[in-house]
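Before any comments, here is the structure.
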2 protein chains.
Amino acid sequence: MHDPKIRLEKMIDNLKRHGYKITPQRLAILRILAYSLGHPSVEEIYQQIRIDFPTISIATVYKNISTMKTLGEVLELGFGNDSSRYDGHTPYPHPHVICTKCKKIVDSQLENFQDFTQKVIQETGFSIVNHRIDFFGLCPDCQRQNS
Amino acid sequence: MHDPKIRLEKMIDNLKRHGYKITPQRLAILRILAYSLGHPSVEEIYQQIRIDFPTISIATVYKNISTMKTLGEVLELGFGNDSSRYDGHTPYPHPHVICTKCKKIVDSQLENFQDFTQKVIQETGFSIVNHRIDFFGLCPDCQRQNS
DNA sequence: TATTAGAAGAGAATGATTATTATTTAATAA
DNA sequence: TTATTAAATAATAATCATTCTCTTCTAATA
């Protein structure tokens with residue numbers, strides 16, 4: 001689940017299996033989603049693809065990401081009014097660490113959330129199917145600049 | 001921190017201490033924030049206040065909530081494109097449990113996030129100052145309706 | 001009661017996202 | 001290899017929550 005090439009293959013297979021066509025624009029979007037560790041925004045993906053496809057529409061980026069969301073191949077991280085960020089590298093729920101200054105988003109590898117989920121189920125009676133865990137602070141780079 | 005009357009007093013004190021005026025509209029908004037356990041949206045607050053203040057503007061609701069946010073007296077829960085929900089009852093970070101069907105939001109009392117925060121600090125080198133923890137699923141009521 | 005800084009009200013502006021529609025193209029089969 | 005066709009793209013309009021602007025009003029104070 002960590003090799004971008006394999007991620008890309010898996011995305012393409014999943015699309016084909018569901019009868020979607022593999023267009024050059026779509027492939028370019030998939031590549032960014034699979035290879036990017038940096039949780040890009042739609043705007044960033046759009047600007048990067050415009051280098052090779054100057055006529056692409058930002059609506060095409062939105063639509064393709066939406067498709068990948070429904071196939072479970074990308075995780076959307078929405079932040080209130082700010083534009084969403086996307087994780088196509090690790091598309092299942094996991095903690096993120098967000099720098100409030102430079103907006104960098106880093107994955108965390110902590111995994112013991114089954115215990116918490118169980119406690120929440122007991123406490124509230126909800127049936128839990130998903131979670132979102134974010135930590136906010138300053139990344140090492142921005143800490144240095146502040147001192 | 002759990003008695004609505006005391007919450008309301010604290011909010012009013014905090015506003016006065018910072019030189020804000022206590023207007024009837026503001027007071028009505030504070031009352032909803034302090035007493036409501038249901039994490040209301042701006043629209044819900046607006047509709048409720050219109051009963052007593054038919055001429056109030058929704059911008060006034062937004063502006064007052066924004067003021068309370070800067071004073072740390074209300075916690076904003078943004079959800080991507082959907083409208084934000086507000087917690088004026090327990091205005092510091094704590095886990096929330098959200099029903100994906102009826103949009104109900106319930107507080108969780110789980111508190112052991114210092115350990116996780118420490119691990120995230122060690123893992124990433126970030127300085128963590130805040131967090132957001134949400135669990136998504138079906139509330140007991142909606143589970144019944146589905147079966 | 002007069003003064004005045006801050007608040008309210010109305011509506012325009014913004015910005016991310018979604019919808020619409022005409023045109024183009026990937027996939028398939030003859 | 002080419003024709004067919006359903007789906008994808010591009011361009012643009014529409015939407016919706018939120019913020020901004022500006023004028024009018026009012027709570028606090030002296």
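Just so it is clear, the model here is predicted, and its values are computed rather than measured. Letters go in sequence order (proteins before strands), and every chain restarts at 1.
- One finds no side-chain N or O of Tyr62(A) lying less than 4.0 angstrom from the OP1 or OP2 phosphate oxygen of dT18(C).
- A salt bridge links Asp141(B) and Arg144(B); the closest N-O separation between the charged side-chain nitrogens and carboxylate oxygens is under 4.0 Å.
- Contact check, Thr23(A) against dT9(D): a side-chain N or O comes under 4.0 Å of OP1 or OP2.
- The backbone N or O of Phe136(A) lies less than 3.5 Å from no partner atom in the side chain of Arg132(B), so there is not a single donor-acceptor pair.
- Distances from the side chain of Ile22(A) to the nucleotides dA27(C), dA7(C), dT18(D) place dA27(C) closest.
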- Task: Apply ring pair (Phe, Tyr, Trp, His ring centres under 6.0 Å) to Phe135(A) and Phe116(B), showing your working.
- Result: CA-CA 10 Å; Phe135(A) 294 91; Phe116(B) 274 104; 7.4 Å; no
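- Taking the side chain of Lys63(A) as heavy atoms from C-beta on, and the options dT20(C), dA27(C), dA8(C), the nearest nucleotide is dT20(C).
- Of the candidate nucleotides dT26(D), dC20(D), dA8(C), dC20(D) has the atom lying nearest to any side-chain atom of Ala59(B).
- For dA8(C), one of the phosphate oxygens OP1 or OP2 lies less than 4.0 angstrom from a side-chain nitrogen or oxygen of Asn64(B).
- The backbone N or O of Ser41(A) lies less than 3.5 Å from a partner atom in the side chain of Glu44(A), making a donor-acceptor pair.
- Residue contacts for Ile58(B): at a heavy-atom cut-off of 4.0 Å it reaches no nucleic acid atom on any strand shown.
- Here Gln25(B) does not reach the OP1 or OP2 of dA27(D): none of its side-chain N or O atoms lies under 4.0 Å away.
- Place Val42(B) and Tyr20(B) on DNA chain D by their nearest nucleotides, and Val42(B) ends up nearer the 5' end.
- No contact: Pro54(B) has no heavy atom under 4.0 Å from any strand.
- Across all strands, Ser84(A) comes closer than 4.0 Å only to sugar-phosphate atoms, never to a base (heavy-atom distances).
- Contact annotation: Ser57(A) does not reach the phosphate of dT9(D) (side-chain N/O to OP1 or OP2, under 4.0 Å).
- Of the side-chain N and O atoms in Ser83(A), none sit less than 4.0 angstrom from OP1 or OP2 of dA16(C).
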